[in-house]
Amino acid sequence: MAGDADRVTDFQRRVYAALERIPLGKVTTYRELARELGCGSAQAIGQALKRNPYAPDVPCHRVIRTDLSIGGYSGQTEGAKIEKKIRLLGEEGVPFDDSGRLVDPSCLFFYA
DNA sequence: TCTGTGACCGCTG
DNA sequence: ACAGCGGCCACAG
């Protein structure tokens, strides 16, 4: 069937491919992700993630803001979705504090 | 700390 | 092909 996959653009696929390169227990930032993709706009990355038709298969929760704050999830910047994101990361060994900030910066992953 | 503005890029119409 | 819109951001005030 011509499903959601057909709506996925090459750019989106690149984003998702990059996400899968993030090791378990690690996270990356929108900026770094954009840099890896040769994209000058971190917002464009977020746009692609929001439209992610493969969620939650694609680990879009392993992406946080450059200032190490939790960022958004599933189109939301706050609320239950975010709580879920924090919980998921916690399960993966990437703890966040009450302020929604990354506790251990060493969990950050950077592309070679 | 928080709000507002900026700049960039991709997407849809 | 063109133009307008929106975004899980970034940065300055």
Side-chain angles (χ1 to χ4, degrees):
Chain A
M1 63 194 273
D4 299 327
D6 291 331
R7 304 184 201 173
V8 180
T9 64
D10 182 65
F11 177 74
Q12 281 176 262
R13 289 187 180 183
R14 251 192 286 167
V15 174
Y16 307 147
L19 283 181
E20 296 188 355
R21 291 173 58 191
I22 304 174
L24 185 65
K26 294 276 188 174
V27 292
T28 192
T29 66
Y30 293 102
R31 246 314 177 75
E32 185 60 23
L33 197 50
R35 183 174 303 181
E36 172 62 16
L37 296 177
C39 176
S41 176
Q43 251 179 337
I45 302 297
Q47 194 173 43
L49 292 181
K50 178 191 174 187
R51 312 201 71 181
N52 174 20
Y54 299 118
D57 296 306
V58 171
C60 50
H61 57 279
R62 292 181 192 165
V63 189
I64 64 176
R65 282 185 145 203
T66 303
D67 64 355
L68 305 188
S69 60
I70 188 63
Y73 187 60
S74 195
Q76 303 294 114
T77 57
E78 58 181 357
K81 307 284 173 41
I82 300 303
E83 298 301 318
K84 180 75 180 234
K85 178 176 181 179
I86 294 177
R87 188 193 308 172
L88 281 172
L89 289 173
E91 296 292 325
E92 296 184 359
V94 185
F96 283 78
D97 62 19
D98 244 9
S99 306
R101 298 261 310 185
L102 179 65
V103 175
D104 185 0
S106 67
C107 290
L108 278 173
F109 168 75
F110 287 90
Y111 295 91

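Small disclaimer: the values here were computed from a predicted structure and weren't measured. What you see below is based on every heavy atom in this structure, not just the backbone, and it leaves out hydrogens, waters and symmetry mates.
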Looking at residues at least two apart in the chain, or sitting in another chain, which of them share a salt bridge (Lys or Arg N to Asp or Glu O under 4.0 Å) with [X]?
X	result
A:D97	none
A:E32	none
A:R31	none
A:R35	none

* Give each stem of DNA chain C as a range with a range, requiring at least 3 consecutive Watson-Crick or G-U wobble pairs whose two distances are under 3.5 Å. =>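 Correct response: B:2-6 with C:9-13, B:8-13 with C:2-7.
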* Can you check each nucleotide of nucleotides 7-13 of chain B against protein heavy atoms at under 4.0 Å and return B for base, S for sugar-phosphate only, - for none, in 5' to 3' order? => BBSBSS-
* Verdict with supporting geometry, A:Y16 and A:E20, side chain to side chain donor-acceptor pair (under 3.5 Å) -> CA-CA 6 Å; A:Y16 307 147; A:E20 296 188 355; over 6 Å; no
* Which heavy atom of A:R14 sits nearest a heavy atom of A:L37, and at what distance? ->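 Closest pair (atom of A:R14, atom of A:L37, distance): NH1-O, 3.3 Å.
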* Which heavy atom of A:L49 sits nearest a heavy atom of A:C60, and at what distance? ->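 Taking every non-hydrogen atom into account, CD2-CB, 4.0 Å.
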Is there any protein nitrogen or oxygen under 3.5 Å from a nitrogen or oxygen in nucleotides 10-12 of chain C, and what are the pairs?
from   : atom 1 : to    : atom 2 : distance (Å)
C:dA10 : OP1    : A:T66 : OG1    : 2.2
C:dA10 : OP2    : A:T66 : N      : 3.4

* salt bridge (Lys or Arg N to Asp or Glu O under 4.0 Å) contacts in which one or both residues fall within residues 60-84 of chain A, not counting sequence neighbours ->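 Only A:R62-A:E92 qualify under salt bridge (Lys or Arg N to Asp or Glu O under 4.0 Å).
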* For A:I82, enumerate each residue passing the side chain to side chain contact (heavy atoms under 4.5 Å, CB included) test, keeping only those at least two apart in sequence or located in another chain. =>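 Counting only residues at least two positions away or on another chain, A:I82 forms a side chain to side chain contact (heavy atoms under 4.5 Å, CB included) with A:I70, A:Y73, A:I86.
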Cut-off 3.5 Å, no hydrogens considered: what does the side-chain donor-acceptor table look like for residues 102-112 of chain A, sequence neighbours left out?
from   : atom 1 : to     : atom 2 : distance (Å)
A:D104 : OD1    : A:S106 : N      : 2.9
A:D104 : OD1    : A:S106 : OG     : 2.6
A:D104 : OD2    : A:S106 : OG     : 2.7
A:Y111 : OH     : A:A18  : O      : 2.7

